[in-house]
Amino acid sequence: DTGVSQNPRHKITKRGQNVTFRCDPISEHNRLYWYRQTLGQGPEFLTYFQNEAQLEKSRLLSDRFSAERPKGSFSTLEIQRTEQGDSAMYLCASSVNLAGGPADTQYFGPGTRLTVL
Amino acid sequence: SQQGEEDPQALSIQEGENATMNCSYKTSINNLQWYRQNSGRGLVHLILIRSNEREKHSGRLRVTLDTSKKSSSLLITASRAADTASYFCATDEMMGGGADGLTFGKGTHLIIQP
């Protein structure tokens, strides 16, 4: 399967714990995006990478959230001191774009569903 | 914040009928994309239409874009039970330059009755 993959698919944690999600984009896609989706809503942008550089972060991304893409391939999203309000589906997407160019087709992974008890 | 607004929020039709969903947005865009999402799953890309295009087809899908009205429509012809899903429009805002990712609406939940 050469699509975007995400692990784990489901995560249940207790409030206050740290969690980390992984996203493997489509090979050679230079852009990688993280979104969050709550029930009944569309996805909301969190952050994106152009290769290994994190170029933009939404104001939704509080200080408890951190994302990395160390070698410009896979990415991790960590949430520290989780809160019940963090419960959501976390989606990763990747695309091929020229630097500074408009977004092109983004291909989404299956998502990681986080439940904070 | 969510820019797009899909209309209707929910739509139920008989198999074989056509389904039309609309999307309105607020700012100037580079392109607009439609995605499908089955319950609890990831998003599947359906079609991308650029700001200088007015209509695009892909199989049973037809998308129109009216930048003067800041609106788009998605038509699914000869619907099938497998088309049951939520459909989202997503815009790439011109000022964002891709930096803000896509801005999604709340979606239209489509149910195809067999």
Side-chain angles (χ1 to χ4, degrees), chain A residues 1 3-7 9-10 23 26 29-50 53-61 67 88-115, chain B residues 1-7 9-10 21 23-25 27-53 56 58 63 67 74 85-109:
Chain A
D1 186 352
V4 178
S5 62
Q6 293 186 246
N7 288 288
R9 295 291 305 277
H10 302 273
C23 170
I26 295 172
H29 276 196
N30 58 346
R31 282 197 182 173
L32 187 150
Y33 300 81
W34 285 99
Y35 293 83
R36 181 175 69 189
Q37 185 179 24
T38 53
L39 199 62
Q41 302 292 316
E44 293 178 295
F45 168 76
L46 292 178
T47 188
Y48 101 102
F49 293 83
Q50 175 93 11
Q54 187 174 15
L55 296 187
E56 192 69 26
K57 290 195 279 188
S58 161
R59 62 182 180 278
L60 293 175
L61 213 65
M89 175 82 88
Y90 290 84
L91 295 162
C92 175
S94 69
S95 69
V96 176
N97 294 83
L98 298 175
D104 210 327
T105 299
Q106 293 186 22
Y107 297 90
F108 281 79
T112 294
R113 182 170 296 283
L114 172 66
T115 302
Chain B
S1 64
Q2 295 186 308
Q3 162 165 236
E5 287 286 337
E6 286 91 344
D7 170 49
Q9 292 186 354
M21 288 159 270
C23 166
S24 60
Y25 57 91
T27 65
S28 297
I29 61 172
N30 291 306
N31 62 58
L32 183 145
Q33 305 182 43
W34 284 91
Y35 287 85
R36 183 185 74 221
Q37 186 177 37
N38 291 88
S39 181
R41 310 290 289 273
L43 283 86
V44 174
H45 182 262
L46 297 176
I47 201 162
L48 179 152
I49 186 165
R50 302 194 186 280
S51 60
N52 61 353
E53 298 175 312
K56 212 163 180 181
S58 176
V63 168
T67 53
L74 170 66
S86 291
Y87 291 82
F88 295 91
C89 70
T91 54
D92 169 37
E93 298 177 16
M94 191 173 288
M95 291 305 294
D100 295 330
L102 295 173
T103 304
F104 285 81
K106 293 185 178 182
T108 291
H109 185 52

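Bear in mind the structure is a predicted one, so any value in this text is a computation, not a measurement. In what follows, every chain begins at residue 1, and chains take the letters A, B, ... in the order their sequences are listed.
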Point to revise | Contact class of A/Gln37 relative to chain B, heavy atoms under 4.5 angstrom | key: side chain
Review point. Checking A/Tyr107 side chain against B/Leu43 main chain: does a donor-acceptor pair fall under 3.5 Å?
Key: no
Review point. How far does CZ of B/Arg41 sit from CZ of A/Arg9, to the nearest 0.5 angstrom?
Key: 6.5 Å
Review point. In terms of heavy-atom pairs under 4.5 Å, which option from A/Gly40, A/Pro110, A/Ala93, A/Gly111 contacts chain B the most?
Key: A/Pro110
Check your understanding: Do A/Phe45 and B/Phe104 pass the ring pair (Phe, Tyr, Trp, His ring centres under 6.0 Å) test, and can you show the C-alpha distance, the side-chain angles, and the key distance before you say yes or no?
Key -> CA-CA 9 Å; A/Phe45 168 76; B/Phe104 285 81; over 10 Å; no
Review point. Do B/Tyr35 side-chain atoms and A/Phe108 backbone N/O form a donor-acceptor pair below 3.5 Å?
Key: no
Check your understanding: Out of B/Leu48, B/Asp92, B/Leu102, which residue meets the side chain to side chain contact (heavy atoms under 4.5 Å, CB included) rule with A/Gln106?
Key -> B/Leu102
Exercise for review: Inspect the surroundings of CD in B/Gln9 and state if more than 12 heavy atoms from other residues, nucleotides or ligands are less than 6.0 Å away.
Suggested key: no
